[in-house]
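Heads up: the structure comes next, in structure tokens.
The sequence lines fix the lettering, A, B, ..., with proteins before strands; numbering per chain opens at 1.
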Amino acid sequence: MIDEYLDRLFNRLAGTGRAGRRALAEAEDHLQSAVDDGLDRGLSRDDAEREAVRRFGDANHIARRIWLADGGVASVLSGLWLLVGLVMIVVGAGRLLKAGDLAVLMMKYPETRPACPSHLTVGWDCSTTPPAMVYLLWTGLAVIAVGSAVLLVRRFVMRVHGFAGADPWFPFYTFWLLSIGIILLAFAPPMLGAYELWSLGGPDGLPGWHTSITTSAAALLAVIWVVVSGLMRRRRTVS
Amino acid sequence: MPRLLGMDLRGHLDLLLLSTLRQLGSAHGYALITALRERSEGTFDLPEGTVYPALHRLERDGLVSSEWDQQAPRRRRVYRLTPKGVKALAARQQQWQAFARGVQGVLGEAFA
């Protein structure tokens, strides 16, 4: 019964790092002391354990209060910070890949490149023009730079202030955030890029999938990476 | 969080823990909560696990310090008041006594 309670508490304290580990050790000592007292008073072991667990309190409630007392809000903020940084890097990478798609397209079909409407001179609205490719390239690099800066600042602040909780570099959920980001990167840009170029009146006879060669290749590599990483992580966990 | 006379004890738990720790000198969580229950003659019978978040918060605020007890048979964390905690306890005791005098003044009038 004590072990089951400690298992529940351990699960609720997942991701709290050193603070949670200490709380778990204190809870185990407390419960064992309570059981010893109960046995001294003549209770059976089962009754002593049942009383100790009942008196200690609900595991969810206790874990939540420990999480709050040990900087839980700071952990949430640092998690949001991490999410923003990762999303920005994924979005920036998507822009770079789209710029790559345009470069491949212009190299492959220079003679069939449609003319850009006169009122659209620069910008991503006329996506088959070189200025649009340059725009995507520089904005992609800028967004990646800002996302990287967000992650570096987060790392610095967590180190300076000693935020309790998960490892500041790789919280347990980082793998899943990266995986979801890469899958979004894999499927969204090719569909958006192909639709955009097709709706702008691509060359006659130009199939939609030719418009996203670079992104499609990156998407395939990303999916392979997610699957292989997941299998390798699972093998490490099992062993 | 238990209530007494309709009052949420959360705000007073720190005062109770600091005071009990001052009387005991140093103690681990189980001894602390047991002493609190005995000295209050069962009035403050809290969910025992709630003492640890409170102690962690007091330690974060610098009012208590803790270390692992190397002599104990199990892994056990022992707490004691810091000088800052002693001052904070004195201040909170004064506030509580002023509150209690006020309440007694009103209750005394009511039963006069």
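The environment of B:Arg22 atom CZ is sparse: at most 12 non-hydrogen atoms of other residues, nucleotides or ligands sit within 6.0 angstrom. The number of heavy-atom neighbours closer than 6.0 Å to CD of B:Gln23, taken from other residues, nucleotides and ligands shown, is above 12. Within 6.0 Å of atom CZ in A:Arg55, more than 12 heavy atoms from other residues, nucleotides or ligands are found, so the atom counts as buried in its surroundings.
Here the side chains of B:Arg76 and A:Gln32 are not in contact, with every heavy-atom distance at 4.5 Å or above. Residues A:His30 and B:Arg74 fail the side-chain proximity criterion, which asks for heavy atoms closer than 4.5 Å.
Of the two parts of A:Ala34, the backbone and the side chain both hold a non-hydrogen atom closer than 4.5 Å to a non-hydrogen atom of chain B.
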Inset, instruction - Could you check A:Arg54 against B:Glu48 for side chain to side chain contact (heavy atoms under 4.5 Å, CB included), going step by step and ending with a plain yes or no? - result: CA-CA 9 Å; A:Arg54 181 182 58 79; B:Glu48 294 178 358; over 6 Å; no
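In terms of heavy-atom proximity, A:Ile62 sits nearest to B:Thr50 at CD1-N, 3.6 Å. Residue B:Pro53 comes nearest to A:Ile66 through the heavy atom pair CG-CG1, 3.6 Å, listed as atom of the first residue, atom of the second, then distance. The shortest heavy-atom contact between A:Gly57 and B:Pro47 is CA-CB, 4.5 Å.
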Throw together a table of side-chain donor-acceptor distances under 3.5 angstrom for residues 24-33 of chain B, partners on residues two or more places apart or in other chains.
from, atom 1, to, atom 2, distance (Å)
B:Tyr30, OH, A:Asp37, OD2, 2.5

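Every residue two or more places apart in sequence or in another chain that forms a side chain to side chain contact (heavy atoms under 4.5 Å, CB included) with B:Trp68 is listed here: A:Arg22, A:Ala25, B:Gln70, B:Arg75, B:Arg77.
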